[in-house]
Each structure stands twice: as C-alpha cells, then as structure tokens.
Asker: 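What follows is a single structure, and I will ask about it in a moment.
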Amino acid sequence: MQKRAFVQSTSATVKVFAAAGSWIESDAVAQCHQVAALDGMIHVAGMPDLHPGKGAPIGAAMASSVLYPLLVGSDIGCGIAVFPIRLKRVVPERVAARFPDLDKPVDPDDLAGADIPAGYTDSLGTVGRGNHFVELARVDGVLDAGHASRLGLSGGDLVLIVHSGSRGLGERILRAHTEVHGAGPAPDPAAYLEMHDAAVRWGALNRRLMAARVAEALGAEVTEPIVDVCHNSVEIRDGVYLHRKGAAPGDGGDVLIAGTRGTHSYLVAAHAGPEAGHSVAHGAGRKMSRADALRRGKAKHTVEELRRTPVGSLVVCGDRQLLFEEAPTAYKRIEQVIGDLVGHGLATPVVTTVPVVTYKTADLGPRKGGRR
DNA sequence: ATGTAC
C-alpha cells in the first residue's frame, strides 16, 4: 500500500465493465485510477473498449463535481451517425470510385445562409483521420426484428455510417484551456460549455454534410440520421459533470457501436445505469497502439488485403500508414465488446451491419497504389 | 485526433 498523505484524500470509485476473459490494457486501467484521484471525482466507468489515451482513458465515463476539459479531449463532439440510403446497384468498386473527396472541405459559398456553429468553416464536410470513417454498409443480422422495424431497418438495407467530429474547432477549444490551465478544471464551466456545445453542434452538422456529399456523389437520397450519438462530451447529469471520452450516452437511446474496417458493426438499444455512467462503448477499441499496429501490420498484412477485406468490402485509403494503423487486427473483436455490454445488461443488439465500402482518406492515383 | 513542425 502506498503511504497516504496527511489529509486522507477520497478517491472515486472505478468500475470496468468487461468480463474477466476480456483483455483490457493495464495502462488504461491505471489511467482510470489516475482520473479517479482527481479533485472532485466521484465515479469512473470503464467501457469494454477501454484503451489508453493521451492524458485520459478512451472508453470511459467520468463523473465529477468539477469540469475537466481534458477528460473530453480535443475532438469535442465526435460521434457516429447512421443514415438510411437507397441505391439500385451496389458494386463495391464502382461505389469506391464514385466516393467524393472527403478530405477537401465544402465550399463555404455553398453554405450561404446556413448556421455554422462558432462560424468555423475550415474543414467543414471533412472526415479527418485516425479512426474516423464514412462507410456504406449493409444491414446483415437482424437480432431484434421489432426494434429494427421501428427504425425502418430490414436485412439487406443500406446505410451510411459516419464517424467524425469537430476537426480543428474542438482542438482549438481544448488548447485554449490547456495553454492556461493545463490538465486542471475549467475555472468558468459555463464559458467552456458554451464552446463545447458549439463543437458538438458542429460535429453533428459535419456528419450530415458528409452524408449529403456521399449521397449526391452516388446519386442517392439521404434523410435525417436514425441514430446520431456523440461519444466525446460532457453534460450536467444528476447535478455533476459527466464526462465521456470514447463512451456513448447509453440510457434509453440507440447507438451504433463501430466494429472495424473489415468486420461487422452493431446497432444496439442501450440501457446503462449510473454505475456505467449512463454509457456504453463506442467501438471495438484498440488493442494495439498505432506504432505497434504499424510495425506488426507491415509484417502480417499486404496493402491489398487491407484494402479488400475478408467480408468483401473495399477500403478507400491512400495513406498506407493509416491503413496499417487501422487494420482490423489492431482492434479487439467487436463481438467481445458487445458480449461484455450484454453481459452487464447495458445494451441489447438490434442489427449488425457489414461494410461495403469504407472511406478513410482520398485514394492514391492508380499509378501510386502499388504493393506493400 | 489535430494542425503544424520537422
């Protein structure tokens, strides 16, 4: 036991929602306990996709009496939305070739009159990097037919899944805080929350813009999303600040829990209580650092097998390093994560989706896409 | 995850 300081500090409770057999990186659990020791912290709930992040764990809901911007992170408002889409003929190669360039922002002139949160038009309509993606997927397994029907989903239906956030806006908001206050709490929570809320709205708009861009490029119609859940945020809940970093609000709504670029994703009905921070996992969760995934991936995979996955989908990604970092083998098995949520009574699967074409970043020219 | 620096 470590020697206690003279004044006994009260540490928050920590609970990780993973079965004994589910591997969780010890660094991530250690991060949860570091967070638990912060002033004002009340409870830390680790999701089954828990993994280490920069300064704070990813896949955690953290409740405290003070607001810590670092526990939301830089990608404030990042989330996953699901848009039903109708297409006549779906040949992955054709769809991939027709995908728009989502690395280039939309022309601000095209948004004349639109309400752009924070007036931030840089990179609006772009997907970003890291684990972000825009995916045409097909509903595969229907696990709760009644619930799926209420969402208007049947087996074989196509959906666009958009995972992206607030790009440079959220990063700017966090940096403005950390430059003055470091990892400390927000001295003026209301002022932070105002900027945070703008970034959340910006992220939601960004996801809609991307869905519209893709639909237009594919000659399809797109409507409002049936699911749109932000997993990096803070809210006042039961009188305290509930921070979520890589954790989706999971108390009554539906959530798309992303698998990987070569495996299924799960749309679930979430029903998490206070012990789970009213939250569920947001994805499969990395099991390898990006550096490890790159090193091991290069030894294990060819570029071709990462671009054409075992489920027959295509991955549009002109960045070879990103392709390795995001290889399905760098992530935990999504079935394990879902199983842990179900096992703890936090979620009920509704449908699974299988990727058809996943856009990560603009493809290389035909000449540049050689082996390895 | 990001914009920027190396």
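Each chain gets a letter, A, B and so on, in the order its sequence line appears, and its residues count up from 1.
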Asker: Would you mind reading off the distance between Ile173(A) atom CD1 and dA1(B) atom C1', rounded to a whole angstrom?
Answerer: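 Distance, rounded to whole Å: 14 Å.
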Asker: To the nearest angstrom, how far is His177(A) atom NE2 from dT2(B) atom P?
Answerer: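 Those two atoms, NE2 and P, are 20 Å apart.
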Asker: Expressed as a whole number of angstroms, how long is the span from Asn131(A):CG to dT2(B):P?
Answerer: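 It works out to 8 Å between those atoms.
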Asker: Taking atom types as modelled and ignoring hydrogens, do the side chains of Asp254(A) and His147(A) form a donor-acceptor contact shorter than 3.5 angstrom?
Answerer: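 Short answer, yes.
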Asker: I'd like to know if Asp115(A) pairs up with Arg201(A) as an ion pair, taking the criterion as any Lys NZ or Arg NE/NH1/NH2 lying under 4.0 Å from an Asp or Glu carboxylate oxygen.
Answerer: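 No salt bridge links Asp115(A) with Arg201(A).
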Asker: Check the phosphate of dA1(B) against Arg290(A), side-chain N and O only, distance under 4.0 Å to OP1 or OP2. Yes or no?
Answerer: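 Yes, Arg290(A) has a side-chain N/O under 4.0 Å of OP1/OP2 on dA1(B).
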Asker: Whole angstrom is fine here: how far is it from CG in Asp103(A) over to P in dA1(B)?
Answerer: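 Rounded to the whole Å, the gap is 15 Å.
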Asker: With heavy atoms under 4.0 Å as the rule, sort Arg167(A) into base, sugar-phosphate or nothing.
Answerer: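 Since only primed, P, OP1 and OP2 atoms lie under 4.0 Å of Arg167(A), the category is sugar-phosphate.
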Asker: Are Arg172(A) and dG3(B) close enough that a side-chain N or O sits under 4.0 Å from OP1 or OP2?
Answerer: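 Looking at the OP1 and OP2 atoms of dG3(B), neither is under 4.0 Å from any side-chain N or O of Arg172(A).
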Asker: In this structure, how many angstroms lie between the C1' atom of dT2(B) and the CD atom of Gln321(A), rounded?
Answerer: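 Result: 15 Å.
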Asker: Please state how far atom CZ in Arg129(A) lies from atom C1' in dA1(B), giving the value in whole angstrom units.
Answerer: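 It works out to 11 Å between those atoms.
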Asker: Grab the CH2-P distance between Trp202(A) and dA1(B) for me, whole Å please.
Answerer: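 Nearest whole value for this atom pair: 16 Å.
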Asker: Assign Asn232(A) to base, sugar-phosphate, or nothing according to its heavy-atom contacts below 4.0 angstrom with the strands shown.
Answerer: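 No contact at all - Asn232(A) keeps every heavy atom at 4.0 Å or more from the nucleic acid.
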Asker: Taking Arg290(A) first and then Glu326(A), would you say they form a salt bridge - that is, a charged N and a carboxylate O separated by under 4.0 Å?
Answerer: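 Judged by the 4.0 Å cut-off on N to carboxylate O distance, Arg290(A) and Glu326(A) do form a salt bridge.
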Asker: For Glu171(A) and dT2(B), give me the distance from atom CD to atom C1', rounded to whole Å.
Answerer: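 My rounded result for the distance is 4 Å.
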Asker: Name the residue from His132(A), His231(A), Arg167(A) that meets the side-chain hydrogen bond (donor to acceptor under 3.5 Å, both in side chains) definition with Asp75(A).
Answerer: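 Answer after filtering His132(A), His231(A), Arg167(A): His132(A).
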